[in-house]
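Reading through the structure tokens given below for one structure.
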Amino acid sequence: MSSSSSSVNSSRSCSCGAPSPIKHICAHSSCPQNIYVVPWLQNIDFHFVASASMDTEHLQLTIGKSFPYLRFHIYTFDVAPVLGLISTSIRAALDCPLNYARNYLANLLPSCVRRVVYLDSDLVLVDDIAKLAATPLGEDESVVLAAPEYCNANFTSYFIPSFWSNPALSLTFAGRKACYFNTGVMVIDLERWRKGDYTTKIIEWMELQKRMRIYELASADHKWNQHGLGGDNFQGLCRDLHPGPVSLLHWSGKGKPWARLDANRPCPFDALWSPYDLLQTQFTLDS
């Protein structure tokens, strides 16, 4: 398995889920010895991004104790740059500054990290991450990431009329197939991201959205992001899987599996999260 990195988003509100990606990534790796058995053979680095308000020392001790041979790094995200850029949304949790840390990975991670698999903390990987990390991005330098695309959305209603009536803005979609992707799972070429300065481009769109509000709300296989298991952004009701194969389960939405399990009100697929919850299941690694 070639050297690669995995980045995981962690916050105080979901710290119980933060170490879980390590467990299921290790469990389904085709070469687990490359992850945690022999320190000098480690080919995967885990990069955790935590909010400044989080007890990172406790997080480091928890991960280090549970996974003594894992090579990992914890980065504190300074929320100051994004606080004034966040537009209110239909779910308060989406307004958390840490949600935007993924846009700053190219700045947070060392320059020697060239490719990263970004994962939200509310998901379970049930396939080999090496396959996902190897997703080809092609030779086009403008292609900076791969994620499962969804092209059946009605962008006419997604963006407000003032967007479409402004030629400078509506021309953004000229000659393009309108698609979107869930940012909870991404394979990112950080070298291309840095060259294209995409963090600045995202900031510019956030500034525009904050100023005039333009909306109300290379592709990987869809099996790599079976998202929506957290339900909608209002009630977090139970949802079924999308049709097709499953390599990654993603509890995007209001309902989180650890919260529903703790409250004894689980949805059917929440049981798949439980074995990977370090606070629920005692887990040790064989040396």
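How far CG of L249 is from CG of L272: 6.0 Å, rounded to the nearest 0.5 Å. Within the model, atoms CG of D197 and CD of E204 stand 8.0 Å from one another, a figure rounded to the nearest 0.5 Å. Atom CG of D55 and atom OG1 of T62 lie 8.5 Å apart (nearest 0.5 Å). Between atom CG of residue L59 and atom CD1 of residue I74 there is a gap of 4.0 Å, rounded to the nearest 0.5 Å. We find the OG-CZ distance between S87 and R211 to be 11.0 Å, quoted to the nearest 0.5 Å. Taken to the nearest 0.5 Å, the CZ atom of R192 stands 9.5 Å off from the OH atom of Y198.
Among all heavy-atom pairs drawn from L169 and T172, the shortest one is O-OG1, 2.6 Å. Taking each heavy atom of L85 and I203 in turn, the nearest pair found is CD1-CG2, 4.0 Å. Between V49 and A101, the shortest heavy-atom contact is CG1-CB, 3.7 Å. Pairing each heavy atom of V185 with each of A147, the nearest pair is O-CB, 3.5 Å. When all heavy atoms of I86 and P97 are compared, the pair lying nearest together is CD1-CA, 3.7 Å. Contact record, A50 with M54: CB-SD, 3.9 Å, taken as the closest heavy-atom pair.
For F173 and F159, the ring centers sit closer than 6.0 Å to each other.
Using bins of under 30°, 30° to 60° and over 60° for the plane-to-plane angle, the ring pair Y104/F77 lands in the tilted bin.
Under the 4.5 Å side-chain heavy-atom criterion for grouping Ile, Leu, Val, Met, Phe, Trp and Tyr, W164 is not connected to I160 through any hydrophobic cluster. Hydrophobic clustering, with ILVMFWY side chains joined whenever heavy atoms are under 4.5 angstrom apart, keeps F48 apart from L61. Y180 and W205 fall within a single hydrophobic cluster, where Ile, Leu, Val, Met, Phe, Trp and Tyr are joined by side-chain heavy atoms under 4.5 Å apart, directly or via other members. By the criterion of side-chain heavy atoms lying less than 4.5 angstrom apart, applied directly or through intervening Ile, Leu, Val, Met, Phe, Trp or Tyr residues, F163 is not grouped with L171; the two fall into different hydrophobic clusters.
Other residues, nucleotides and ligands contribute over 12 non-hydrogen atoms within 6.0 Å of the CZ atom of R194.
Judged purely by atom type and a 3.5 angstrom limit, R102 uses its side chain to pair as donor or acceptor with the backbone of T183. No side-chain donor-acceptor contact under 3.5 Å links E149 to the backbone of F181.
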task = Please test W251 against V124 for side chain to side chain contact (heavy atoms under 4.5 Å, CB included), starting from the C-alpha separation and ending with a verdict.
result = CA-CA 9 Å; W251 277 263; V124 168; 3.7 Å; yes
request  = Evaluate side chain to side chain contact (heavy atoms under 4.5 Å, CB included) for L145 paired with W193, printing each intermediate quantity in order.
outcome  = CA-CA 8 Å; L145 64 84; W193 186 289; 4.0 Å; yes
task = Test R71 against D45 for side chain to side chain contact (heavy atoms under 4.5 Å, CB included), laying out the working first.
result = CA-CA 5 Å; R71 189 165 65 192; D45 283 60; 2.8 Å; yes
Worked verdict on L70 versus I63 for side chain to side chain contact (heavy atoms under 4.5 Å, CB included) = CA-CA 8 Å; L70 193 77; I63 297 173; 4.1 Å; yes
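When side chains are defined from C-beta on, R115 counts as touching L137, because their heavy atoms get closer than 4.5 Å.
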